[in-house]
Amino acid sequence: MTNPLLSQTLTNGFAVPHFDRIAPEHVGPAIAALTAKLDDELARVERAPGDTVRAVVDALVDLTEPLARAWGTVSHLMGVKNSDALRAAHKDAQPLVVTAFMKVAQSAPLYAALVRVQESKEFASASTTERRIIEKRLRDAKLAGVGLTGDARARFNQLEHELSELSTTFSNHVLDATKAFALDLTNDDDVAGLPSSVKAQLAQAARLAGNDTATAEKGPWRVTLDFPSYSAFMRHGQNRAHRRALYLAYVTRASSGELDNGPLIDGILARRKEQAQLLGFDDYAALSLSTKMAGSVAAVDALLDELATKSTGRAREEEAELDALAKEGVPGVPAGSTVEPWDTELLAERLRERAFAFSDEDTRPYLPLPRVLDGLFALIHELFGVRVVETKGLVPVWNDDVRFYRVVDARGDDVAGFYLDPYARPADKRGGAWMDDCVARRRREGEARARVPVAYLVCNGTPPVGDTPSLMSFREVETLFHEFGHGLQHMLTTVDEVDASGINGVEWDAVELPSQFMENFCYDDATLIGMSGHHETGEKLPRALFEKIVAARTFRAAAMMLRQLNFARLDLALHTTYVPGSSTTVWDVAERVAKQTLVRQPPKENRFLASFTHIFAGGYAAGYYSYKWAEVLAADAFGAFEEAGLSNVVARREVGARFRDTILAKGGSAHPLEVFRAFRGRAPETTALLRQSGLLPKAA
Ligand code: ZN
């Protein structure tokens with residue numbers, strides 16, 4: 001029997017992994033075989049890399065794609081079907097993979113071949129896409145150390161290995177620390193204030209933990225640090241002592257004992273700095289910005305400063321409102337209190353209810369997942385002209401909750417496919433939500449049909465309870481739209497070259513454009529009300545409730561803005577001026593940046609950096625600002641729909657088609673500023689984002 005990780009056979013037309021057969025024991029042999037094969041092929045390609053732009057690019061993709069795809073499958077399973085056996089297999093295989101990719105990236109003959117085609121006569125007449133691909137490949141080779149020799153090269157490579165291991169450990173620590181904590185509650189006092197849907201959720205968690213008799217009404221209830229569980233308790237739980245315990249557990253995850261990420265943070269930052277300096281950069285931020293749309297730390301600082309200046313005044317007012325409410329007192333925060341960090345979520349939720357008289361729990365019954373999906377798919381069809389079709393048994397999946405959908409064009413041909421893994425599954429699935437590349441679109445010269453792209457869409461929504469479908473909070477709906485936006489860019493690409501198809505080759509700080517763009521539709525009445533339907537009565541989301549949702553969008557928007565700016569500035573500070581191992585610690589830097597940015601300071605105990613996986617285990621190092629950068633682009637892009645008139649069906653279809661043909665279709669085949677201009681007719685502006693956040697007066 002062949003190793004399923006090595007099998008390249010199509011399943012009903014889709015080049016997807018054989019999730020029904022892949023097991024941890026396949027990882028080692030598959031990666032060993034693929035890295036050995038890559039070694040052989042590398043030698044061959046180095047001797048004869050081809051001499052046209054297309055031939056060189058194809059040879060390079062062919063060289064690494066089999067390993068990249070198998071490793072992509074393993075990484076995906078680490079996120080959605082984690083187990084001790086898989087982790088061990090991943091850990092053993094990782095060094096082989098890192099070495100193999102480094103060898104290719106640092107190959108002098110391949111680099112020479114790229115330089116040769118760049119200097120050839122043909123290059124000037126090559127397509128923009130091909131030129132950009134060659135230039136990026138050259139740049140990436142330099143950043144991978146192709147110009148380093150001798151000791152410098154050896155040291156660089158050693159750092160690379162250590163960094164990838166440190167990141168994996170960092171991320172595992174966070175996962176383990178999140179899993180290690182649970183608050184088991186038995187008395188009514190413990191769960192006072194919790195809506196019944198939350199109690200049902202907590203009882204289900206208790207049953208999963210072996211407490212077979214747990215019920216929503218009588219308990220016992222289990223609260224975990226899994227985000228939906230944690231956040232529900234922080235917003236509604238009136239037991240202040242429990243909130244305090246939960247808060248402290250959450251913000252100190254992976255910051256002590258066996259799972260302490262503290263030392264890893266310094267280790268990671270020191271190695272990044274050293275790598276950057278080996279490549280001739282002052283610091284890691286300069287290296288990071290050299291590949292991004294923003295281009296320089298100064299350009300990022302300018303944007304962050306502008307947004308901070310325009311948000312701070314309003315943020316002070318927002319915090320004063322919390323202080324006033326704490327003085328007055330609410331169930332769970334006695335009158336005369338000063339606001340503690342474990343009070344802010346609850347107080348904010350009460351203020352929200354007071355100002356808008358609704359909570360997340362009010363919207364849930366109207367937003368069952370199946371209806372939300374139907375609405376989302378109808379919108380996609382209207383705007384972008386493609387239909388989404390659910391399938392059963394068409395391709396294998398990794399869990400029974402996972403579904404696979406085909407995306408078809410007007411003729412019924414497959415344009416793309418995607419998996420949707422909708423629910424939280426703390427036992428073996430990472431928290432958060434994400435979109436990832438399963439299969440990238442590719443069409444070789446002479447091929448009639450392109451390989452169909454496939455996306456992974458992973459959310460951590462509230463699972464169904466008994467016969468009740470998954471009832472989504474408005475925020476969960478927004479998250480789904482967000483990830484779907486990423487998915488659209490991956491799936492509706494028309495680029496044939498893997499290096500630039502879908503999200504590939506898109507500058508990191510422009511990647512969140514389509515995702516944040518899609519979130520805007522959740523605030524469009526026709527879309528949200530249209531797709532709603534009470535799970536028992538079918539009744540639409542009441543208009544008054546919709547209007548409250550829209551009003552709530554700017555609720556504490558300035559505080560949220562400052563929170564993101566704080567993360568972004570801290571990330572940059574750690575990757576520019578911070579000196580690892582010096583007497584100033586990362587916690588000191590966190591405190592200094594918070595003082596500079598936030599209106600309300602986090603408590604001394606706060607160690608959130610120890611679980612800041614975005615910058616220590618994800619791709620956001622010296623790039624967290626990208627969220628804000630892309631938000632400016634996304635709000636401005638959505639502005640085009642607002643200007644055309646959201647209720648004007650003809651106009652919005654036309655703008656939708658333009659969005660599809662530029663931002664979604666072109667992906668990484670041109671500079672993001674150029675793609676943005678093609679859609680919007682001008683460079684991006686911050687006005688739309690500030691207005692959307694309620695920080696500018698409404699347009700006349
Ligand atoms: Zn995103």
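In each ligand, atom 1 is the first atom listed, and ligand 1 is the first ligand listed. Quick caveat, the model's predicted, so the values are computed rather than measured.
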Does [X] make a cation-pi contact with [Y], if we ask for NZ or CZ under 6.0 Å from the ring centre and within 45° of the axis?
| X | Y | value |
| --- | --- | --- |
| Arg563 | Phe567 | no |
| Arg658 | Phe679 | yes |
| Arg352 | Phe555 | no |
| Arg403 | Tyr419 | no |

Distance below 2.8 Å from the Zn ion (ligand 1): how many protein N/O/S atoms qualify?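 Protein N, O or S neighbours of the Zn ion (ligand 1) under 2.8 Å, waters not counted, come to 4.
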With side-chain contact (heavy atoms from CB on, under 4.5 Å) as the criterion, how do Asn82 and Lys429 come out once you've worked through the C-alpha distance, each side chain's angles and the decisive distance to 0.1 Å? CA-CA 6 Å; Asn82 201 290; Lys429 182 170 162 185; over 6 Å; no
Checking Arg132 against Glu674 for the salt bridge (charged side-chain N to carboxylate O under 4.0 Å, His left out) test, could you report, in this order, the C-alpha distance in whole Å, the side-chain angles of both residues, the deciding distance, and whether it holds? CA-CA 13 Å; Arg132 197 168 130 94; Glu674 212 178 292; over 6 Å; no
